[in-house]
Amino acid sequence: MRSLLMRNPIVIGMSWIAVYLGIIVLPLLVLLFYPPTPNAERSFWLEFSVALGFIGLAMMAMQFALTARLHPIEDSYGIDLILQFHRYTSVVAFFFILVHPLILFIDNPETLQLLNFFQAPWRARAAVIATLALIALVVTSIWRKRLHIPYEPWRLAHGILAAIAVGFGLGHALGVGNYLELFWKQIIWVGMAAAALWLLLYVRLLKPLFMLKKPYLVETVIPHRGNVWNLVLRPRSHQGLNFQPGQFAWITLQISPFRMREHPFSIASSATHPDRLEFGIKAVGDFTNTIKDVKPGTKAYLDGPYGVFTTDRYEDTAGFVLIAGGIGITPIMSMLVTLAEREDERPLLLIYSSKSWEDITYREEIEALKDKLDITVVHVLREPSEDWSGESGYVDKELLQRYIPKRPATRNYFICAVPKMMEQVEAALHDLGVPVTNVHMEHYNIV
């Protein structure tokens, strides 16, 4: 029983949340051991603001762990959920850190003079620098696209601003010293900052170094319907990438991985062939529009595999229901071809939403899989031709009810599409009695 619980994804996920909360709160609790001598001049609001500052600083340090793509954490949630959690907790940390001085100013208006940057003590100047760096970090992250900031320069600046915010924030806490006057307390907080710095160096230096030692070469670029191109890579002087069907990797093309100009794409090929990788890429932006022009022999580097959106995690299920919209077919295609090569006999249902018949990516490849799999394919067209006799419109509750098994809890459901479609399908499946633990979604726009 205990072994089953330890493999349960919900138990694993909740355990990591408990670890996160413990790391955030523990340093604050440690400060209460051997507290400073009570001071009648220190009000409740002053102490409350200090607590918010310490929690906010601890949360900022933890952001480095959330973005380091650590497999033990990523394997429990998936990169998309971790990045969403990172964004939300960054806003919460920003709120705590911003409220920290505001409470201080309201409780003791004389402290407003600490904002005089050139005359204030160094610990106050450190706080100002940390806060300004945090404001710049949050503003450029939330409104990056509105401010027309390219992804690569923003990512570099993001790391620098985060390091400044945590470093100067810690300097401010040590400078004030009311709760950190004991050496062992200082060691704990310096240790947290050092761990954050190590993770930053791991992402920026060590990981690119590992990637540099395992290069790939472009074998070919294959055109598909829907303005999609399959980028085919072969490993050079190594065995390739062992992955599970449905996973993805970050690709760096033509340049050094130290440049940090990488893009995440789902793998469309079979997991039984790690020595030949195909990435399905839809031409929709500046970088993706250049994929069709990539020449054979071009050097590439991969960081991966990542993702929990994979059928391999559910070997005991009676079958799968796969729901895709547009380019969301890419990870599902990897699942299908892998199941076919493994001669999997379980029943499959593929519901695939496309704009028109001519826009159905991998249409012929999916048709060919009917000879190898026990699969039912339902195409749903938003703009069907006059002679179209199949499903049209959107994947809604009524459509799903017509096709999913009468005992919906016997299947696992995989959804990959635009956010609006995924939300609608998830709600419909819930109404039809599908357990939430049986529904798995993949957001393909995570940057």
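Owing to the predicted nature of the structure, the values given are computational and were not obtained by experimental measurement.
No salt bridge links R225 with D359; every basic N to acidic carboxylate O contact stays at or beyond 4.0 Å. The pair R402-E391 meets the salt-bridge criterion, with a side-chain N (NZ, NE, NH1 or NH2) lying under 4.0 Å from an Asp/Glu carboxylate O. The pair R155-E262 counts as a salt bridge, with a side-chain nitrogen and a carboxylate oxygen less than 4.0 angstrom apart. Between R346 and D344 there is a salt bridge, since at least one side-chain N of the basic residue sits less than 4.0 Å from a carboxylate O of the acidic one. Taking 4.0 Å as the cut-off between side-chain N and carboxylate O, E278 and R276 count as a salt-bridged pair.
A perpendicular orientation is assigned to the rings of H238 and Y216, their planes being inclined by more than 60° (bins at 30° and 60°). Using cut-offs of 30° and 60° for the angle between ring planes, the F309 and F414 rings count as perpendicular. Aromatic ring pairs are classed by plane angle as parallel below 30°, tilted from 30° to 60° and perpendicular above 60°; the pair W189 and F54 is tilted. Taking the six-membered ring where tryptophan is involved, the planes of F287 and F265 are essentially parallel, since the angle between them stays under 30° and well short of 60°.
Under the 4.5 Å side-chain criterion, counting only non-hydrogen atoms from C-beta, I351 is not in contact with L322. Between I281 and V228 there is no side-chain heavy-atom pair separated by less than 4.5 Å. Side-chain contact check for L336 versus I375: some heavy-atom pair is nearer than 4.5 Å. Contact annotation: the side chain of I323 approaches that of M421 to within less than 4.5 Å [non-hydrogen atoms, C-beta and beyond]. The side-chain heavy atoms of V337 and L369, taken from C-beta on, include a pair separated by under 4.5 Å. A heavy-atom distance below 4.5 Å is found between the side chains of M333 and I366. The side-chain heavy atoms of F320 and T317, taken from C-beta on, include a pair separated by under 4.5 Å. V425 is listed as a side-chain neighbour of L400, based on a closest heavy-atom distance under 4.5 Å.
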**OP:** Check the pair K370 / E364 against salt bridge (Lys or Arg N to Asp or Glu O under 4.0 Å), numbers first and verdict last.
**Re:** CA-CA 10 Å; K370 291 182 179 180; E364 290 79 8; over 6 Å; no
Subject >> Intermediate values then yes/no, side-chain hydrogen bond (donor to acceptor under 3.5 Å, both in side chains), T272 and E341 >> reply: CA-CA 8 Å; T272 61; E341 293 201 7; 2.4 Å; yes
**OP:** Determine, step by step, whether L217 and L233 satisfy the side-chain contact (heavy atoms from CB on, under 4.5 Å) criterion, reporting the C-alpha distance in whole Å, the side-chain angles of both residues, the deciding distance to 0.1 Å, and the verdict.
**Re:** CA-CA 6 Å; L217 295 179; L233 303 181; over 6 Å; no
Original post:
Is there a side-chain contact (heavy atoms from CB on, under 4.5 Å) between I97 and L52 once you walk through the steps?
Top reply: CA-CA 7 Å; I97 292 174; L52 290 180; over 6 Å; no
Original post:
Checking side-chain contact (heavy atoms from CB on, under 4.5 Å) for the pair F279/L302: CA distance, chi angles, key distance, verdict?
Top reply: CA-CA 11 Å; F279 292 86; L302 300 182; 4.0 Å; yes
**OP:** Test R144 against T140 for side-chain contact (heavy atoms from CB on, under 4.5 Å), laying out the working first.
**Re:** CA-CA 5 Å; R144 176 178 69 86; T140 55; 5.7 Å; no
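Remark: the backbone N or O of Q244 is paired with a side-chain donor or acceptor of Q247 at under 3.5 angstrom. Looking at K292, its side chain does come within 3.5 Å of a backbone N or O of N289 through a donor-acceptor pair. Judged by distance alone, with hydrogens and angles left aside, the side-chain atoms of N438 form a donor-acceptor pair with the main-chain N or O of R411 at under 3.5 Å.
With ring centers used as reference points, Y306 lies under 6.0 Å from W250. Aromatic pair Y413/H440: centroids not less than 6.0 angstrom apart.
Partners of D275 according to the salt bridge (charged side-chain N to carboxylate O under 4.0 Å, His left out) rule, which considers only residues two or more places apart in sequence or in another chain, are R234.
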